[in-house]
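Below is one structure, written out as structure tokens; comments come after it.
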Amino acid sequence: MEKTKYFYEPRMEYSNSYGIYYATYGIYLKTDREAIPLQHDVTMKYEEANQICEILNRHNLEPEQAKYVIEDCIIEKYLW
């Protein structure tokens, strides 16, 4: 049986915090028909979001696993 191939990509999102609008990047799961948001407001830098997607795609992680990896990447960046 062939394992499902997952593909993740960063997408720009627009957010609002107390009336201040800003652009961030979220991580989306790309399917044949649509892009499904997996994690919103991950980073304000495209390069960081893209790097996370590269890790997820390299290891072909399932969406539930991918959420944990995204959280770990964000936490590691800001705690060290």
Side-chain angles (χ1 to χ4, degrees):
M1 187 163 100
E2 189 175 317
K3 185 176 178 185
T4 302
K5 178 72 176 156
Y6 297 100
F7 182 75
Y8 300 93
E9 65 182 13
R11 291 234 175 155
M12 184 177 279
E13 303 176 318
Y14 297 97
S15 300
N16 175 359
S17 178
Y18 301 103
I20 298 172
Y21 292 89
Y22 59 97
T24 63
Y25 290 92
I27 306 295
Y28 284 69
L29 172 60
K30 182 86 166 131
T31 68
D32 291 338
R33 295 183 211 133
E34 62 185 331
I36 302 166
L38 189 65
Q39 183 73 45
H40 294 287
D41 200 5
V42 172
T43 179
M44 295 179 81
K45 296 179 182 177
Y46 173 81
E47 296 80 17
E48 290 177 0
N50 191 54
Q51 185 177 32
I52 292 170
C53 288
E54 287 176 358
I55 292 168
L56 301 176
N57 290 327
R58 185 179 320 124
H59 297 286
N60 193 36
L61 295 178
E62 295 180 4
E64 194 60 38
Q65 293 174 309
K67 290 177 186 180
Y68 293 117
V69 171
I70 294 166
E71 290 174 9
D72 289 347
C73 288
I74 295 168
I75 290 169
E76 182 178 311
K77 170 137 180 83
Y78 292 102
L79 289 182
W80 303 110

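Worth saying up front: this structure is predicted, and the values here are computed from it rather than measured. Basis for what follows: all heavy atoms, side chains included, without hydrogens, waters or symmetry-related copies.
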Applying side-chain hydrogen bond (donor to acceptor under 3.5 Å, both in side chains), which residue pairs with at least one partner in residues 25-36 are found, sequence neighbours left out?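 Found Glu13-Tyr28.
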
Under the side chain to side chain donor-acceptor pair (under 3.5 Å) test, which residues partner [X], sequence neighbours left out?
X	answer
Tyr21	Asn16
Gln39	none
His59	none
Tyr6	none

Give me the other members of the hydrophobic cluster that Phe7 sits in, counting Ile, Leu, Val, Met, Phe, Trp and Tyr linked by side-chain heavy atoms under 4.5 Å, directly or via other members.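 Noted: Phe7 shares its cluster with no other residue.
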
Connected-component partners of Tyr22 among ILVMFWY, side-chain separation under 4.5 Å: Met44

Drop me the distance from [X]'s [atom1] to [Y]'s [atom2], to the nearest 0.5 angstrom.
X	Y	atom1	atom2	result
Leu29	Leu38	CG	CG	6.5 Å
Cys73	Ile27	SG	CD1	9.0 Å
Tyr8	Asn60	OH	CG	7.5 Å

Ile36 atom CD1: more than 12 heavy-atom contacts under 6.0 Å: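 Counting other residues, nucleotides and ligands, CD1 of Ile36 exceeds 12 neighbours.
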
Using every non-hydrogen atom in the two residues, find where Tyr68 and Glu64 come nearest and quote the distance to one decimal. CD1-O, 3.2 Å

Side-chain polar contacts of residues 45-53 - donor-acceptor pairs under 3.5 angstrom, sequence neighbours left out - could you list them?
unit_1: Glu48; atom_1: OE1; unit_2: Thr43; atom_2: OG1; d: 2.5
unit_1: Glu48; atom_1: OE2; unit_2: Lys77; atom_2: NZ; d: 3.1
unit_1: Asn50; atom_1: ND2; unit_2: Glu54; atom_2: OE2; d: 3.2

